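Below: one structure, written as structure tokens.
Since this is a predicted model, take the numbers as computed values, not measurements.
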Amino acid sequence: MAATPHSSPRLSFQPITDMQFKGLHWIEASAGTGKTYTLSSLIVRIFLEAYLPHQVVATTFTRAAAAELKSRIRARLVETLRYFEQCQSYTEAELQAKAQTESIRLLQKVLADYAAKPDFARDRLELGD
């Protein structure tokens, strides 16, 4: 959920694809609803779009949960990097077409956004790997 001083909060039911990285964001959900998946996917987008790994802090309530989050973030970064590596011979048009048929929202979003610059995406993802 994102809010500005002069507007009411905007709810997002697809934060992996529609969250913008400006301002403050609050992610709230019950246990078992996919918070860790969502956060790890958002971190991939954050590294691609806005910040370098040393500029991001992700935390949670317990050491065990923090370790799990760290592990999941690393796994999601590697997964996305490998995906881009598998597509390195594709043209921009082929990447855009692949984005349209991709069922995983994160991969759909990053393919669409980085079809014109897959080398940039791979380089940024390697920084977090």
Side-chain angles (χ1 to χ4, degrees):
M1 180 165 32
T4 59
H6 303 295
S7 69
S8 60
R10 211 183 76 227
L11 290 178
S12 170
F13 295 98
Q14 297 299 332
I16 291 172
T17 55
D18 63 0
M19 186 173 280
Q20 301 300 310
F21 303 113
K22 302 282 186 217
L24 298 174
H25 299 279
W26 177 272
I27 297 175
E28 181 178 29
S30 301
T33 58
K35 287 182 301 297
T36 301
Y37 180 85
T38 298
L39 287 171
S40 63
S41 296
L42 288 172
I43 294 289
V44 169
R45 285 194 49 223
I46 287 168
F47 286 176
L48 284 169
E49 294 177 27
Y51 299 98
L52 295 171
H54 70 277
Q55 297 172 308
V56 176
V57 174
T59 190
T60 188
F61 293 104
T62 67
R63 287 189 175 135
E68 174 68 16
L69 180 58
K70 181 179 179 179
S71 173
R72 293 273 197 84
I73 289 169
R74 181 166 297 281
R76 190 83 57 239
L77 285 165
V78 169
E79 172 187 298
T80 309
L81 174 60
R82 299 296 172 251
Y83 192 83
F84 267 101
E85 288 173 344
Q86 292 172 0
C87 299
Q88 73 184 53
S89 64
Y90 288 38
T91 65
E92 180 179 349
E94 290 170 328
L95 288 173
Q96 288 290 355
K98 188 166 180 61
Q100 295 297 315
T101 62
E102 180 55 59
S103 61
I104 299 171
R105 289 192 186 280
L106 172 65
L107 298 177
Q108 182 183 68
K109 173 73 173 156
V110 297
L111 275 179
D113 289 354
Y114 295 93
K117 47 186 178 179
D119 292 335
F120 170 83
R122 280 192 305 273
D123 289 346
R124 288 291 292 218
L125 291 168
E126 285 175 347
L127 292 174
D129 184 19

Practice task
Go through Val110 and Tyr83 one step at a time and tell me if the side-chain contact (heavy atoms from CB on, under 4.5 Å) criterion holds.
Solution key: CA-CA 10 Å; Val110 297; Tyr83 192 83; over 6 Å; no
Practice task
For residues Leu42 and Met19, report the shortest heavy-atom separation together with the two atoms involved.
Solution key: CD1-SD, 3.9 Å
Exercise for the section: State the CZ-CG distance between Arg105 and Asp18, to the nearest 0.5 angstrom. Expected result: 9.0 Å
Handout entry: side-chain contact (heavy atoms from CB on, under 4.5 Å) involving Thr91 - partner list, sequence neighbours excluded
Key = Ala93, Glu94
Exercise for the section: Identify, with sequence neighbours excluded, every residue that meets side-chain contact (heavy atoms from CB on, under 4.5 Å) alongside Ala97. Expected result: none
Handout entry: Residues which pass side chain to side chain donor-acceptor pair (under 3.5 Å) with Ser40, listed by chain and number, not counting sequence neighbours
Key = Arg76
Exercise for the section: Give, for atom CD of Glu79 and atom CG of Leu125, the distance between the pair rounded to the nearest 0.5 Å. Expected result: 11.0 Å
Practice task
Mind telling me whether Tyr114 and Phe120 have parallel, tilted or perpendicular rings, with 30° and 60° as the class edges?
Solution key: parallel
Fill in the blank from the handout: Contacts of Lys98 meeting salt bridge (Lys or Arg N to Asp or Glu O under 4.0 Å) (sequence neighbours excluded), chain-then-number -> none
Fill in the blank from the handout: The side-chain contact (heavy atoms from CB on, under 4.5 Å) partners of Ala65 (sequence neighbours excluded) come to Thr60, Thr62
Completion exercise
The side chain to side chain donor-acceptor pair (under 3.5 Å) partners of Glu68 (sequence neighbours excluded) come to Arg72
Completion exercise
Interatomic distance, CD1@Ile16 vs CG@Leu106, rounded to 0.5 Å, equals 6.5 Å
Handout entry: Glu49: salt bridge (Lys or Arg N to Asp or Glu O under 4.0 Å) partners, not counting sequence neighbours
Key = Arg45
Practice task
Name all residues meeting the side-chain contact (heavy atoms from CB on, under 4.5 Å) criterion together with Lys70; count only those two or more places apart in sequence or in a different chain, and write none if there are none.
Solution key: none
Exercise for the section: Would you please test Cys87 and Tyr90 for side-chain contact (heavy atoms from CB on, under 4.5 Å) and show each step? Expected result: CA-CA 5 Å; Cys87 299; Tyr90 288 38; 4.2 Å; yes
Problem - Flag, side chain of Gln96 to backbone of Ala112, donor-acceptor distance under 3.5 Å - result: yes
Problem - Partner residues of Glu85 under the salt bridge (Lys or Arg N to Asp or Glu O under 4.0 Å) criterion, sequence neighbours left out - result: Arg82
Problem - Qualifying salt bridge (charged side-chain N to carboxylate O under 4.0 Å, His left out) pairs, either residue in residues 29-39, two or more places apart - result: none
Exercise for the section: Evaluate the side-chain proximity of Leu48 to Asp113: yes if any heavy-atom separation is below 4.5 Å, no if none is. Expected result: no
Fill in the blank from the handout: Applying salt bridge (Lys or Arg N to Asp or Glu O under 4.0 Å) to Glu102 and not counting sequence neighbours gives none
Practice task
Look only at the side chain of Arg124 and the backbone of Phe47, and say whether a donor-acceptor pair between them is shorter than 3.5 Å.
Solution key: yes
Handout entry: Pairs meeting criterion salt bridge (charged side-chain N to carboxylate O under 4.0 Å, His left out) with involvement of residues 51-62, two or more places apart
Key = none
Handout entry: Separation between OG of Ser103 and CD of Gln108, rounded to the nearest 0.5 Å
Key = 8.5 Å
